[in-house]
Amino acid sequence: MIDLKELRDHPDRFRNGVRDKCMEVDIDRLLALDEARRAILARQETARAEQNRLGKETGPKMGALKTKLKGAIGEEKSQLERELAELEQKPAVLKAEVQECEARINAIEPEWRSLWMQVPQPPSDDVPKGKGADDNVEIRRWSPTGWDFNKSFEANRGFKPRTHLELVKMHGLVDFERGVKMSGTRHYVMWGLGMRLHQAVLRYAVDFMADRRGFSPMGVPVIVKEECMVGTGFFPAGREQAYHIEESARGSGHDLFLTGTGEVGLMGLHADEILPLESLPLKYCTVSTCFRREAGAAGKDTAGLYRIHQFDKVEQVVVCRADEAESRAWHAQMIETVEMILQSLGLAYRLLQCCTGDLGVKNEDMIDIESWMPGRGEIGADGAPTGAFGETHSASRLNDFQCRRLNLRYKDETGKMRFAYALNNTVIASPRVLIPLLEMHQQADGSVVVPEVLRPYMGGIARIG
RNA sequence: GGUGGGGUGGCAGAGUGGUUGAAUGUACCGGUCUUGAAAACCGGCAGGCCCGUCAGGGUCUCGAGGGUUCGAAUCCCUCCCCCACCGCCA
């Protein structure tokens with residue numbers, strides 16, 4: 001969430017942010033509610049101050065009177081009662097005032113809070129303006145030797161490509177029918193070498209992060225309380241996207257949600273903590289199962305491994321001090337990490353600078369990395385798919401938006417309390433990444449060459465089929 | 001799931017209606033002493049929000065929420081969590 005003081009001082013920054021992100025949040029309404037709330041709060045606090053002062057002054061006196069009253073009779077008793085009534089009058093008026101203020105604040109707060117939570121992090125100045133994914137700007141592309149983006153798959157490789165759907169069927173790597181039988185649409189079963197390839201890719205990515213990047217591998221909960229979802233910025237906007245475990249409806253405990261990314265567990269870890277300055281930056285990675293309802297995506301990418309309800313992902317996050325330059329440096333390192341991994345896997349890809357309209361509420365900058373998937377896209381004149389890029393990674397800078405919500409802070413060298421900056425990035429998501437992997441490494445006979453870096457994780461197997 | 005105990009500041013631990021945001025210890029930071037260190041002594045040491053240019057002031061926070069009261073860490077209600085033992089179990 002954003003800093004309300006900052007909003008009051010520079011409302012236009014946030015109005016523009018909302019506009020550029022193509023969102024709709026009534027900033028003026030929020031400002032009006034905020035002002036009203038503060039005015040009432042001030043009144044209430046004045047009344048309370050008076051109440052406290054009186055309490056200290058006359059409180060003990062009243063206590064003494066009441067004690068005396070217990071043993072008193074007749075004229076003395078009524079005299080004491082009168083004194084007491086007089087003393088009680090003033091606090092009673094103040095109490096009514098405090099309560100009235102409280103009622104009015106309670107009436108305002110739900111809308112105030114709800115609007116506040118919806119205000120997005122304004123995009124960085126250098127993020128190109130745009131309405132949506134179509135306005136994203138390609139930064140660069142890379143392809144392994146022997147692969148030319150300007151040529152068709154057949155022109156590159158000398159044979160027509162099979163789609164990953166055909167390949168997994170051919171080699172028995174994935175069983176969609178039984179997945180659907182058990183769990184419904186967009187479910188699947190990883191099978192045999194398919195499962196081993198899936199695991200190999202994940203293990204390779206975790207080891208890469210731990211051994212070559214010095215990140216701490218973690219195992220974090222994938223079932224979390226609502227606070228974690230709100231704190232990490234996925235709620236309220238993404239509520240429909242998460243599976244909801246209604247424990248409260250059973251009359252026990254609290255509701256839980258399945259996380260759609262390891263980011264939730266990694267960032268929720270230090271919620272409400274004040275981190276020692278020396279502990280920064282935090283560099284964490286995790287491999288976790290991710291659950292997504294894909295609400296609103298009905299009919300989109302219905303076939304294959306592209307859009308599924310459950311998958312596994314290696315995610316990295318960095319929590320660093322509130323420093324723009326440092327945050328940008330980590331962002332660059334994250335992107336470099338992804339490029340190193342994709343290159344080592346022999347996959348072709350491009351980097352996209354996401355435009356303002358394609359950013360979410362919580363990020364100020366995002367780079368998407370799309371891998372080339374030969375089996376994707378339209379069917380060409382030769383009857384083979386033309387191929388297309390498909391998103392496999394994204395790396396975001398969140399400024400202090402997420403740590404503010406999580407209440408994750410540190411004391412800087414001057415002793416000042418600050419919200420940390422956060423970043424997150426997909427290291428690898430599988431089985432989606434198996435799409436380009438299988439399709440790019442397929443041979444004319446349909447066999448698939450396993451990239452060298454994965455072989456140690458596959459018991460030395462160099463080829464599938 | 002059953003029974004019992006408990007949630008107070010970084011930690012430990014007082015505190016059962018009235019200057020208690022909270023004693024005391026410890027940790028931590030600064031200082032004195034010392035060749036240096038330790039010890040000892042002195043001082044400092046919670047966050048949020050609001051007002052204020054500053055100095056500073058006000059308010060809230062003792063698991064969470066509600067209630068009683070002129071006044072609640074202290075009394076009442078609801079919920080959450082933790083610990084111990086038993087049962088079950090990957």
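What you are looking at is a predicted structure, and each value in this text was computed from that prediction instead of being measured.
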Interatomic distance, A:Glu109 CD vs B:G65 P [rounded to whole Å]: 12 Å
Once you apply the 3.5 Å cut-off to both distances, tell me the Watson-Crick or G-U wobble partner of B:G4, or none. B:C83
List the steps and the verdict of side-chain contact (heavy atoms from CB on, under 4.5 Å) for A:His244 and A:Glu246. CA-CA 6 Å; A:His244 181 180; A:Glu246 279 191 285; 3.5 Å; yes
What distance, rounded to whole Å, do you find between the two P atoms, one in B:G18 and one in B:U3? 36 Å
Can you tell me, in whole Å, how much space there is between the C1' of B:G25 and that of B:U8? 15 Å
Calculate the interatomic distance between A:Arg48 atom CZ and B:U59 atom P; express it in whole Å. 10 Å
Same-atom distance (C1') from B:C29 to B:A46, integer angstrom: 15 Å
Quick one: is A:Asn52 getting a side-chain N or O under 4.0 Å of the B:G71 phosphate, OP1 or OP2? no
Paired to B:A90 by Watson-Crick or G-U wobble criteria (both distances under 3.5 Å) is none
Could you tell me the Watson-Crick or G-U partner of B:A46, where both distances fall under 3.5 Å? Say none if there is no partner. B:U61
Distances for protein N/O vs nucleotides 88-90 of chain B N/O pairs under 3.5 angstrom?
none

Kindly write out the residues that satisfy ring-ring contact (aromatic ring centres under 6.0 Å, His included) with A:His10, not counting sequence neighbours, or none if the list is empty. none
Side-chain atoms of residues 210-221 of chain A: list all donor-acceptor pairs with protein atoms under 3.5 Å, sequence neighbours left out, distances to 0.1 Å.
residue	atom	partner	partner atom	Å
A:Arg213	NE	A:Thr337	OG1	2.9
A:Arg213	NH2	A:Glu336	OE1	2.6
A:Arg213	NH2	A:Thr337	OG1	3.3

Per-nucleotide protein contact string for nucleotides 47-52 of chain B, where B marks a base within reach and S marks sugar-phosphate only (heavy atoms under 4.0 Å, - for neither): SSSSS-
Between P on B:C60 and CD on A:Glu50, what's the gap in Å once rounded to a whole number? 13 Å
Give me the distance, rounded to whole Å, that separates B:G43 from B:C49 when you measure between the P atoms they each carry. 32 Å
As a test of understanding, state which of A:Arg113, A:Lys5, A:Arg8 forms a salt bridge (Lys or Arg N to Asp or Glu O under 4.0 Å) with A:Asp34. A:Arg8
Please determine, for B:U24, whether a Watson-Crick or G-U wobble partner exists with both distances under 3.5 Å, and give it or none. B:A12
A:Pro281 versus A:Glu326: any side-chain heavy-atom pair under 4.5 Å? yes
It should be established whether A:His254 places a side-chain nitrogen or oxygen under 4.0 Å from OP1 or OP2 of nucleotide B:A64. no
Whole-Å distance separating the CD atom of A:Glu273 from the C1' atom of B:G9: 16 Å
According to the interplanar angle, ranging from 0 to 90°, do the rings of A:Trp116 and A:Trp112 count as parallel (below 30°), tilted (30 to 60°) or perpendicular (above 60°)? tilted
Taking all non-hydrogen atoms of both residues, which atom of A:Leu31 and which atom of A:Arg15 are closest, and how far apart? CD1-NH2, 3.8 Å
Sticking with atom P, work out how far B:A23 lies from B:C80, rounded to a whole angstrom. 33 Å
In this structure, is the centre-to-centre distance between the rings of A:Phe235 and A:Phe257 below 6.0 Å? yes
Can you find a pair of side-chain heavy atoms, one from A:Val448 and one from A:His171, that are under 4.5 Å apart? yes
So what's B:G52 paired with, Watson-Crick or G-U wobble, going by both distances under 3.5 Å? none
Among all residues two or more places apart in sequence or in another chain, which pass the ring-ring contact (aromatic ring centres under 6.0 Å, His included) test with A:Trp330? none
d(CG, A:Asp272; P, B:G9) in whole Å: 14 Å
For the P atoms, the ones on B:G30 and on B:C82, what distance do you get once it is rounded to whole angstrom? 38 Å
Return the set of residues passing ring-ring contact (aromatic ring centres under 6.0 Å, His included) with A:Tyr306 (not counting sequence neighbours), or none when no residue passes. none
Using heavy atoms to find the nearest nucleotide of RNA chain B for A:Asn106 and A:Gln51 separately, return the residue whose nucleotide is more 5′. A:Asn106
I need the CD-C1' distance between A:Glu278 and B:C29, as an integer number of Å. 13 Å
What is the distance, to the nearest angstrom, from the CD atom on A:Glu247 to the C1' atom on B:C81? 15 Å
A:Gln99 atom CD is separated from B:G67 atom C1', nearest whole Å, by 11 Å
Mind checking the P distance from B:U61 to B:U19? Whole angstroms is fine. 15 Å
Pair assignment for B:C41, Watson-Crick or G-U wobble, requiring both distances under 3.5 Å: B:G31
Atom P, compared across B:G57 and B:U74: separation rounded to whole Å: 28 Å
